[in-house]
Structures are given as structure tokens and as C-alpha cells.
There are 2 protein chains.
Amino acid sequence: MTATIKDVAKKANVSVATVSLVIHNHQRISSETKRKVRKTIKDLNYHPVRTARGLVSQKSGNIGFIVTEDHFSRSEPFYTQIFLGTEFQARESEYYVLLTTVNSDFNSNFKMPRFILERNVEGVILAGKVSQSLIENIKKLEIPLVFVDYYPPQGNYPVVMIDNFAGGLKATQHLIDCHHNRIAFIAGDISHPSISERFQGYKMALDRNQIPFDPNLVVIDEPYPAREFGYNSAKKLLQRNISVTAIFACNDAMAIGVLQFLKEKNIKVPTDISLIGFDDVEANLSMDPPLTTVRVPKVEMGIEAIKLMTEILCQRQTRSRKILMPVELIVRCSTCEHQN
Amino acid sequence: MTATIKDVAKKANVSVATVSLVIHNHQRISSETKRKVRKTIKDLNYHPVRTARGLVSQKSGNIGFIVTEDHFSRSEPFYTQIFLGTEFQARESEYYVLLTTVNSDFNSNFKMPRFILERNVEGVILAGKVSQSLIENIKKLEIPLVFVDYYPPQGNYPVVMIDNFAGGLKATQHLIDCHHNRIAFIAGDISHPSISERFQGYKMALDRNQIPFDPNLVVIDEPYPAREFGYNSAKKLLQRNISVTAIFACNDAMAIGVLQFLKEKNIKVPTDISLIGFDDVEANLSMDPPLTTVRVPKVEMGIEAIKLMTEILCQRQTRSRKILMPVELIVRCSTCEHQN
DNA sequence: GTTAACCAGTTAAACGCTTAACTGATAATT
DNA sequence: AATTATCAGTTAAGCGTTTAACTGGTTAAC
């Protein structure tokens with residue numbers, strides 16, 4: 001069996017308490033004794049047992065990560081990437097991340113995530129939209145919360161958000177810089193804050209460049225920002241028979257659908273129409289042409305969430321900070337200068 | 001504060017031990033008492049604290065997942081998918097997965113993963129090739145091991161492997177079924193067992209169909225099965241100026257590179273040359289044309305690894321089982337009948 | 001009628017650690 | 001010289017469970 005603190009104490013001829021104090025580098029212990037005890041610790045290859053520590057200190061060393069089932073389906077890589085970010089950063093911070101999913105319409109009849117009931121996490125990261133009931137139930141237990149990519153209507157929590165507005169602005173400005181002035185905007189689920197913020201950025205960019213906003217260039221009546229709805233939107237747009245030289249799709253999935261439609265109609269990207277997406281998913285590089293897009297730093301969002309959480313857990317920081325993640329324009333081959 | 005077992009005992013007028021025995025549904029307790037205690041547990045919304053349980057039972061409720069840093073880089077989704085599979089299944093099995101990465105040339109001078117030193121995991125899953133030193137150091141601590149997608153040269157461990165041979169066979173047979181008989185094989189890092197098994201499958205398929213093996217159709221001298229080496233391989237192959245009607249790339253990454261080269265040379269896929277990959281990565285669907293490939297059930301491999309581990313931890317199973325994951329031919333648009 | 005089994009619990013130790021409170025020695029202050 | 005501080009540890013309680021060993025009562029076996 002591996003050594004316990006008792007073994008160290010016995011071998012070093014000190015009390016168990018002394019060993020513990022040495023481990024925590026307590027000033028009460030002389031440097032001589034520290035040296036002696038540390039040597040013994042090394043000799044016995046002693047390491048404090050997590051559960052024992054956790055029991056007495058009421059600290060599990062774990063952080064919970066909660067996301068709804070539908071947001072974490074196997075085909076949806078967005079929150080997966082955020083989760084991986086938390087894993088990366090957690091290792092830096094000497095924490096472990098425990099993952100669980102909840103039903104998106106969680107209410108008091110559901111049972112709480114096991115790691116909360118068992119008091120196995122010191123704090124919880126909530127990624128994406130979760131039910132108000134879940135939030136309130138966790139709050140009741142006084143477990144620190146950090147939100148990622150969602151912010152509950154009421155309350156004042158630390159949160160990590162995407163700068164969607166700036167992204168919409170950048171994407172549109174890029175097209176404008178390429179001398180486009182007939183720029184379409186295509187979206188699904190415009191009621192979602194992230195999507196509508198991108199739309200606001202689009203409109204702001206037009207405004208700043210004195211390009212009139214034309215509702216005919218906007219297709220935002222699709223239910224969900226997925227590939228097939230991108231396809232449909234492009235169809236609707238082109239059926240209007242108006243001049244379009246560039247399309248800003250609210251995310252890459254829709255952009256892929258748009259591209260598919262354009263190809264079928266033998267419309268060349270980017271020479272006939274420039275196309276820009278949003279998110280920067282893996283698949284973009286394999287596309288033909290590779291998609292110009294706005295990169296959302298998904299992994300970094302997870303990293304920031306853990307940083308925020310550890311600050312809170314260390315009491316270094318109690319006020320609720322809000323972090324706005326910068327987005328980045330990634331120019332690939334689906335956009336080009338507009339030829340007059 | 002939340003209720004402890006003491007609160008339950010007091011309220012139900014029994015001893016703490018009785019409450020514990022009720023929780024474990026011990027036969028010694030009368031059903032009357034059980035009912036009473038269970039009601040109290042419900043009333044107080046009591047849940048045993050993980051760390052306390054862990055301390056006395058020496059069971060943390062966690063399973064460790066170790067992968068090398070280079071295998072888990074942010075751009076490499078293969079092991080990420082396997083890891084996600086373990087997360088999915090762990091929730092079913094009431095475990096949590098703790099992730100860590102190690103340096104690929106781990107030796108005794110490195111310090112062991114923290115969750116091992118702190119005895120915070122009951123078993124460890126090793127994904128991909130890891131150093132022999134790490135394996136031996138974990139074995140010394142008598143922590144149950146399960147391997148995924150790698151098997152150490154010596155020893156007899158439970159393992160989850162891909163049926164690469166069958167995959168190579170299926171891919172090649174598919175091309176043969178399409179009446180191809182000039183089928184090239186392209187690979188990087190042929191010394192890797194998985195790659196060479198796919199190669200064996202290729203050769204076996206040819207053999208079974210009485211198609212002579214032609215070394216001129218094989219390009220396996222690239223160092224790594226990545227996109228750019230796929231590109232290079234295709235270049236080398238076509239420079240040989242021999243008849244080629246189909247290409248089997250050892251993985252999708254290389255296939256993407258091959259496709260890129262063929263496009264540049266204005267060779268049409270699949271009409272001029274059929275192309276098949278291996279792995280079924282996300283990007284395939286966005287390709288033009290979408291890639292025919294052999295699907296490797298990555299998530300399922302993680303699931304199986306956890307199943308294996310939980311069997312071992314429950315002692316239901318001690319002998320070292322080996323699981324060969326079946327692969328599946330996914331026919332998309334990059335392969336078609338060969339026109340004579 | 002004595003002994004043995006069984007039943008339905010209880011008692012108490014243990015898991016491995018942390019930390020408040022204590023101790024006994026020496027040094028500093030008045 | 002008496003009191004107080006400081007130092008460098010030790011003692012012991014406690015964190016919330018589990019479980020082996022015990023108990024005292026009833027029933028069965030011989």
C-alpha cells in the first residue's frame with residue numbers, strides 16, 4: 001500500500017500534525033524540521049489522499065460543467081470545444097472538471113446533477129442556455145456559478161460571452177472593404193441573442209459606411225441555423241431576383257448550405273458571389289472553396305471560464321466579472337473583391 | 001447547510017449505522033425501519049457526501065483518462081472523440097472521468113499524473129500509444145488498466161481496438177466491387193500497427209479477387225498520415241505514369257490531400273479516379289465530393305472502454321478481455337463504378 | 001431446560017487528513 | 001524577579017461515512 005501521513009510522521013519522528021503543517025508550509029515549523037520531514041515525504045513517495053483532504057477541508061478539487069443534452073449531442077462540436085477548454089485550463093489550476101448533461105427543460109421534479117447532490121464540486125460552469133429552475137436550485141445551495149455563452153435574464157453572475165456584435169461588424173466590414181454593397185444577411189433563429197447581435201453588427205457596418213439597409217437582402221425566417229436552412233434561405237434570397245454580390249451567413253453551418261445551393265445553381269463562389277460564415281468550424285478547411293469566416297475562440301472560452309471560477313474559489317475575486325471574448329476575421333477563399 | 005447522515009439518524013430515531021445500512025439496502029434492517037428511514041432521507045433531502053464515502057470505502061468514483069499531449073492537441077479530434085465517449089458512458093455507470101495528458105516520452109523522472117498520486121481514480125484508461133515506463137509505473141500501484149487504440153508489446157491487458165484489417169478489406173473490396181482493378185494504396189507512417197493492418201487488408205482483398213499486387217500502386221514512404229503528405233503521395237503516384245483508377249488513402253486526412261492534388265491537376269473525382277479514405281472525420285461531409293470512407297466508431301470506443309473498466313471494478317470480470325470494434329463502409333460520392 | 005441460531009438493530013473504530021487549542025521551553029519586557 | 005510573548009511543536013477533535021463486532025431479545029433445536 002502507499003504511504004499515509006502517519007507513516008511519514010513515524011519515520012520522521014514527529015507528529016502527524018507537524019507533517020501536515022510542513023505540507024502547507026506553515027511558518028510555525030522550523031526550517032530544520034521542514035527539511036527533515038520533506039526528505040521523509042520524498043523517501044516514502046508520500047502524497048496526500050484527495051478524498052481525505054476533501055473531507056476535512058470540504059473541498060473536492062472538482063469543478064462541475066453542465067450543458068443541456070441537446071447542446072451536447074454528438075454532432076454539435078461547439079460546446080464540446082468549450083468543455084475541452086475547461087479541461088485544458090483545469091489542469092493548470094489543479095482542478096478536475098466533472099461533466100454532466102441536463103434536460104433542457106429541467107425543473108424541480110428532475111433530480112439535480114449527481115456531483116451537486118454529493119457535494120463533489122466546488123463550483124459549477126453552466127454552458128449555453130439552461131433552465132431558470134436549474135439555476136435557482138444551484139443558487140440555493142450557494143455553489144459558485146459561472147456562465148458561458150448564455151446569460152440568465154435576471155441576476156448578476158460572472159459570465160464569458162462572445163462578442164457577436166463585433167463579429168457581425170467585422171464580417172460585414174470585410175465585405176464592404178471588398179467593395180461589396182449588395183450584402184445579404186441570412187440567419188435562422190433570429191430570436192437567439194447571439195444571432196441577433198450578429199445581425200446588429202451587420203446593420204451597424206452598413207450604417208457606418210452609408211450603405212442603405214435593404215430588407216430584401218435579409219432572410220431570417222428560418223427556424224434554426226443549420227445547413228438545410230441555409231440552403232433554403234439562399235433559395236429564397238435568389239428567388240427575389242435582386243442584385244446580390246455577397247452573403248453573410250449567421251454561422252458556418254448555414255454558409256455550407258448556402259454554398260451547396262449556389263453550386264447547384266452554378267453560381268461561382270467567390271467570383272459571382274462572396275460568402276462569409278461565422279464560428280470557424282473544423283469543416284471549413286475542407287470546403288471548396290475554404291470558407292472565409294469569423295472565428296469564435298471556443299476553447300479559449302472554456303479556459304476563461306475556469307480562470308474566472310478559480311478566481312472566485314480562491315476568494316481573490318468576488319464581484320461578478322463579465323468577459324467578452326474577441327472574435328477574429330479569418331479570410332480564406334470564399335470572399336474576394338467585387339468586380340464592377 | 002445540507003443534511004448529513006447524523007441529521008437523518010436523529011430525526012428518524014435510529015443510529016447512524018442503521019441509516020447507512022438502509023442506504024445500502026442491507027437485509028438486516030426490517031422493512032418497517034427501512035421505510036421510516038427512507039422517508040426521513042427524502043424529507044431532509046439527504047445525499048451521502050462523495051468524499052466521505054470515498055475516504056472510508058477507498059473508492060473515489062472516478063476513472064482516469066490518460067493520453068499523450070501530442071495526441072490530444074487541439075486540432076486532433078480522434079482521441080477527443082474517444083474521450084467524449086468515455087464521458088457519455090461514465091455518466092451511465094455513475095462514474096466521473098478525470099482527464100490528463102502526459103508527455104509522450106514519459107519516464108520515471110516525470111511525476112505521475114496527479115489523480116494517480118492522490119489516489120483519486122479507481123482505474124485508468126490509456127488512449128493511444130504511451131510510454132512503457134508510464135505503464136509499468138501505474139501497474140506497480142495495482143491500478144486497473146484499460147487500453148484503447150494501442151496495445152503494449154508485452155503484458156496481457158484489457159483493450160479496445162479498431163478492426164483495421166477488416167476496414168482495409170472492406171474499403172478495397174468496395175472499390176473492386178465497382179470494377180476497379182488498378183487500386184492504389186497511400187499511407188504515411190506505415191510502421192504504425194493501425195496503418196499497416198489497413199495495408200494488410202488491402203492486400204488480402206486483392207488476393208481474394210485474384211488481382212495481382214503491384215508495388216507501383218503503393219506509396220507508403222511519407223512520415224505521417226496528414227493532409228500535406230497525402231498531397232505529396234498523390235503527386236508521386238501520378239508521376240509514375242501508370243494506370244490508376246482508384247485510390248485508397250489510409251485515412252481521411254491523407255485523402256483530403258489527395259483530393260486537393262487531383263483537383264489541381266484537373267482530374268475528376270470520382271469519374272476519373274475514385275477515392276476512399278478511412279476514419280470518417282467531421283470534415284468529410286463538407287468536401288466536394290463528400291468522401292467515401294470507412295467509419296471508425298470513435299465515441300463507441302470510449303464507451304466500450306468504460307464498460308470494460310466498470311466490469312473490472314465490479315469484479316464481475318477479471319480476465320483481460322479484448323474488444324475489436326467493427327468498422328463500417330460509408331459510401332458517399334468520391335467513389336463510383338469504373339467505366340471500361 | 002439448556003444451548004444454539006437468528007433477528008434487528010447499536011456501538012465504536014476506522015478511513016487520512018486539517019486545525020484550533022494547548023504545552024513547555026526560551027526570550028523579551030517591565 | 002515576575003510577567004508576558006514568542007517559538008516550535010503536540011494533542012485531540014472532527015470532517016461524513018462504512019462496517020466489523022457486539023447486544024439483547026426471540027425462536028428453534030436437541
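Quantities reported herein were computed from a predicted structural model and do not represent experimental measurements. Letters go in sequence order (proteins before strands), and every chain restarts at 1.
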Along DNA chain D (nearest heavy atom to each residue), the more 5'-positioned of A/Ser30 and B/Ile5 |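 Closer to the 5' end of DNA chain D: A/Ser30.
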
Whichever of B/His24 and A/Glu32 has its nearest DNA chain D nucleotide further upstream toward 5' | A/Glu32

Say you draw a straight line from CD of B/Glu300 to CD1 of B/Ile82; how long is it, rounded to the nearest 0.5 Å?
->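 The CD atom of B/Glu300 sits 10.5 Å away from the CD1 atom of B/Ile82.
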
Calculate, to the nearest 0.5 Å, the distance between atoms NZ and CZ belonging to B/Lys34 and B/Arg28 respectively.
->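 Result: 11.0 Å between the selected atoms.
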
Between atom [atom1] in [X] and atom [atom2] in [N], what is the gap in whole Å?
X: A/Arg50; N: C/dT18; atom1: CZ; atom2: P; result: 10 Å
X: A/Ile41; N: C/dG16; atom1: CD1; atom2: P; result: 16 Å
X: A/Arg35; N: D/dG9; atom1: CZ; atom2: P; result: 12 Å
X: B/Leu21; N: C/dA12; atom1: CG; atom2: C1'; result: 14 Å
X: B/Tyr46; N: D/dT17; atom1: OH; atom2: P; result: 3 Å
X: A/Asn25; N: C/dT18; atom1: CG; atom2: C1'; result: 16 Å
X: B/Lys6; N: D/dT17; atom1: NZ; atom2: P; result: 9 Å
X: A/Lys34; N: D/dG9; atom1: NZ; atom2: C1'; result: 12 Å

Counting heavy atoms from C-beta on, name the nucleotide in [options] closest to the side chain of [X].
X: B/Leu55; options: D/dT11, D/dT17, C/dC15; value: C/dC15
X: A/Ser20; options: C/dT19, D/dT18, D/dG16; value: C/dT19
X: A/Ala17; options: D/dT11, D/dT17, C/dG16; value: D/dT11

Below 4.0 angstrom from OP1 or OP2 of [N], is there any side-chain N or O of [X]?
X: A/Thr51; N: C/dC15; answer: no
X: A/Gln58; N: D/dG16; answer: yes
X: A/Thr33; N: D/dG9; answer: yes
X: B/Arg53; N: D/dT18; answer: yes

Look at the side chain of B/Arg28 and the base of D/dT19, then say whether one donor and one acceptor between them are separated by less than 3.5 Å.
->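 No, no donor-acceptor pair under 3.5 Å.
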
Hey, does B/His47 reach any base, or is it just sugar-phosphate, or nothing, if we go heavy atoms under 4.0 Å?
-> sugar-phosphate

Using a cut-off of 4.0 Å on non-hydrogen atoms, how would the nucleic acid contact of B/Val14 be classed: base, sugar-phosphate, or nothing?
-> sugar-phosphate

Applying side chain to side chain contact (heavy atoms under 4.5 Å, CB included), run through B/Thr86 and B/Leu99 and close with a yes or a no.
-> CA-CA 10 Å; B/Thr86 65; B/Leu99 170 75; over 6 Å; no

Angle, rounded to 10°, between the helical axes spanning five pairs at each terminus of the helix from C/dG1-D/dC30 to C/dT30-D/dA1?
-> 50°

Heavy-atom nearest pair, A/Ile312 first then A/Pro158, reads CD1-CG, 3.6 Å

Which pair of heavy atoms, one from A/Glu69 and one from A/Asn103, lies closest together, and at what distance?
->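 Here A/Glu69 and A/Asn103 meet closest at OE2-N, 3.5 Å.
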
Ion pair present between B/Glu304 and B/Lys307, side-chain N to carboxylate O less than 4.0 angstrom?
->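 Salt bridge present between B/Glu304 and B/Lys307.
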
Do we see a donor-acceptor contact under 3.5 Å between the side chains of B/Ser60 and A/Arg50?
-> no

Between B/Val56 and B/Thr18, name the one whose nearest nucleotide on DNA chain C is closer to the 5' end.
-> B/Thr18

So among A/Val97, A/Leu145, A/Ile125, which one has a side chain to side chain contact (heavy atoms under 4.5 Å, CB included) with A/Met309?
->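 When A/Val97, A/Leu145, A/Ile125 are each tested with A/Met309, the side chain to side chain contact (heavy atoms under 4.5 Å, CB included) holds only for A/Ile125.
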
